[in-house]
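Counting starts at 1 for both ligands and their atoms, in listed order. These numbers were taken from a predicted model, which means no experiment stands behind them.
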Amino acid sequence: MAAGYSSGEWLRHLFTIGRKKDCDKLKDLLSQKYEGEAILCKNGRSALTLALKAYFNPGDAVLVNGFTCFAVYEAIKAAKLQPIFVDIDRETLNYSAETIARAMADRLEIIRDKGSKIASEPRDDGRERSGSRDDWPSVRGVIVQNTLGIPVDMREIERIAKKYNLTIIEDLAHCAGVRYPDGREAGTVGAATVLSFGKDKSIDTVSGGAVIMRRDKQHEIEAPSKLPRLSDHLRARFYPMWGALCRSLTYIGIGGALMRLLVKIRLVERSADSKLDTSRRLSKFEAKRAYRQIKDLRRTGESPIREYYFVRDRAELLKKLQKKGYYFGGLWYEKPVSPERYYKQVDFPEKECPNALYVSEHIINLPIYYTKHDLKPATKLINQYLEKGEKGE
Ligand SMILES: *Cc1c(COP(=O)(O)O)cnc(C)c1O
């Protein structure tokens, strides 16, 4: 993970020379590993947008984990789809087949009450649909996220998806290399597989993404062709250096402050602010970096990507951690759709997602690039704030 690069790694990252052949190699690797047609993108949300555009029609609705990243919401909107947030289980941070079934049942009931057409009725010609499409879009898909690398019970999700005729899209931002309980690897099940190579993700080259179209698409999509912006390229080059510097300054208590300054003067971009742009491709040097990490996945993909705990008085605890000089790159997630500064844009159904709301108010999680030793003062502090019986793994 880039943010975790040791001193030598940020140098290597800064001076890696990427060539077209590195992009081809990465595409081949992804196509083989996930058995489909790979397309390299600027970031994960652009990749997800392409997947959604390829497999759904504008106006369709898709089920989404009720505890997620704004990037996911952004992609759904960019593909002109309607998100339907499904509440999570507190233990897994994921929805379950039961919560999906309940969400679908509630929806069908409301639709019946309204006397409109049943949402999950299959289209007869595979394209156009009649009924009050604008008010009650048909649910056509489900995005599987495996939050923080905790896998869903994919067999159950598949069963429910089959029942309601939902197309599965796998989002591997948190979970590349993770296996489902039945042994299959994440990314080898759905119609399309989406990867993010962003900061602190399970594959981390600072920015980037890819989509692998595994089944026949409904719509042709245009692969990104434009070069990355120079400013984005430079920020991606230098971020591991800043990360290493800030981490080493944690010891004297100013790592967090320096990172906040770097964000302010825009030498570092907050992950959430990365722009969705389906026309730009991945930087070649990032393709080279991603190739290595994906090749090595077996060794790193087993554990969650962030250590998490449920705490009370989180604001106070965060302030104390900040004083100690830690920087976390934001909480995953401090709102059901995070970060907070974008949450207002999302019309999130808080009443229907009480668990997501609870978790978003109490969770604290730390990137795993801090070693156990570095984290000692932090975990000591966190332990004083733990919710009884609610400690994360
Ligand atoms: C970060 C993230 C993405 C997309 O990431 P980008 O920042 O656009 O690369 C997609 N899904 C989830 C669950 C994420 O956390």
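- Sparse packing is recorded around CD1 of I17, with 12 or fewer heavy atoms of other residues, nucleotides or ligands lying under 6.0 Å away.
- Under the rule for a salt bridge (charged side-chain N to carboxylate O under 4.0 Å, His left out), K53 has no partner lying at least two apart in sequence or in another chain.
- Between F310 and Y358, the ring-plane angle classifies as perpendicular under the 30° and 60° cut-offs.
- Listed as neighbours of ligand 1 are N43, G44, R45, C69, A71, V72, Q145, D171, A173, H174, S196, K201, G208, Y333, each bearing a heavy atom under 4.0 Å from the ligand.
- Counting only distance, with no hydrogens or angles, the side chain of D87 and the backbone of A356 share a donor-acceptor pair below 3.5 Å.
- Residues forming a side chain to side chain contact (heavy atoms under 4.5 Å, CB included) with L14 (at least two apart in sequence, or on another chain): W10, R237, F238.
- Every residue two or more places apart in sequence or in another chain that forms a salt bridge (charged side-chain N to carboxylate O under 4.0 Å, His left out) with D273 is listed here: R270, R341.
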